[in-house]
Amino acid sequence: MAENTEENLLSERVDVVRERMAQACARSGRDVDTVGLIAVSKKFPADIVHDVHRCGVNVFGESRVQEALQKIPDCPGMIDWHFIGRLQSNKVRPVVSTFSMIHSVDSLALLERVEAIAYDEGPRVDVCLQVNVAGEGSKTGVQPDQAEAIVERAQAFNNARLVGLMTMPPFAPDPEDVRPHFAALRALRDTVEQRCGVSLPDLSMGMSHDFEVAIEEGATWIRVGSAIFGKRVVPRHAE
Ligand SMILES: *Cc1c(COP(=O)(O)O)cnc(C)c1O
């Protein structure tokens, strides 16, 4: 029993997350099947990924290319990997060949690069456009008023499939304070869909401390790290 303690703890945390998801869905009249859980395994080793995978989680997220490429070969082969971190153009090739979805495309140039590399590499890749709906407080993502032009342009792409929008608002102790940002992303998605005549089904928003609010505002992907894996040890010099 003793050696299973860690796995039991992880399985309890996954259960708690699933229960929180179910309650948020119930409150907002949504089917739980419309919300995907991404277990964000950054800074945790492959053996912990195995444990969480055994709890029935199949989608994992990584935010650092180097770390992910080292870890993934030691993880279960059935896992569907999503890239959620800042992506430099010289890292697009390994990301496209390893991940099925990139949540964090934050410029037209990067999207064009993903399209070109995905054409080269073969597999199509799903992409979310990261939008800075919070303004000043967060630096990553395109400005909301740039989204329409990028979506318009992406209609010509066959290999990078733009499926939705992603946002990462600055941390607020009270999740209610980020609700307006999640609502804004959804409203922007609705507007752009209408104006461009395209379908953008996915909204990637919500993390450990605020995913209920994100679900209530329409999230289809929540990116959950610490609520499953526990606190990350922050290295003295991050990368
Ligand atoms: C680390 C990370 C998460 C998960 O954060 P938690 O607060 O641990 O749930 C989600 N999204 C992105 C982009 C991240 O880098």
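Worth knowing before you read on, the calculation uses all heavy atoms, side chains too, and leaves out hydrogens, waters and symmetry mates. Whatever order the structure lists ligands and atoms in, that order sets their numbers, starting from 1. All of these numbers come straight from a predicted model, not from anything done at the bench.
A salt bridge links R86 to D106: one of the charged nitrogens lies within less than 4.0 Å of a carboxylate oxygen. Under a 4.0 Å N-O distance rule, the pair R20/E212 qualifies as a salt bridge. For R30 and E216, the salt-bridge test fails: no basic side-chain N is under 4.0 Å from an acidic carboxylate O. By the 4.0 Å N-to-carboxylate-O rule, R195 lies close enough to E148 to be salt-bridged with it. Checked for salt-bridge contact, D120 and R93 meet the test: a charged N lies under 4.0 Å from a carboxylate O.
Near V224, meaning under 4.0 Å from any of its heavy atoms, are these atoms of ligand 1: 9 (O).
Nearest non-hydrogen protein atom to atom 13 (C) of ligand 1 is M168 SD, 3.1 Å. The nearest heavy-atom contact from the protein to atom 6 (P) of ligand 1 is S208 OG, 3.5 Å. With respect to atom 11 (N) of ligand 1, the closest heavy atom belonging to the protein is R223 NE, 2.9 Å. Of the protein's non-hydrogen atoms, the one nearest atom 5 (O) of ligand 1 is M207 CE, 3.5 Å. Atom 14 (C) of ligand 1 has as its closest protein heavy atom K42 NZ, 3.0 Å.
Residue contacts with ligand 1 for H103 are absent, since no atom lies close enough (heavy atoms, distance under 4.0 Å). With a 4.0 Å heavy-atom cut-off, ligand 1 is reached by no atom of H209.
Of the N or O atoms in S226, one or more lie within a sub-3.5 Å distance of an N or O in ligand 1. Polar contact with ligand 1: absent for I84 (N/O pair, distance under 3.5 Å).
Taking the six-membered ring for Trp and thresholds of 30 and 60 degrees, F171 and H209 have ring planes inclined between 30 and 60 degrees apart.
P170 and V178 get closest at one heavy-atom pair: O-CG1, 3.7 Å.
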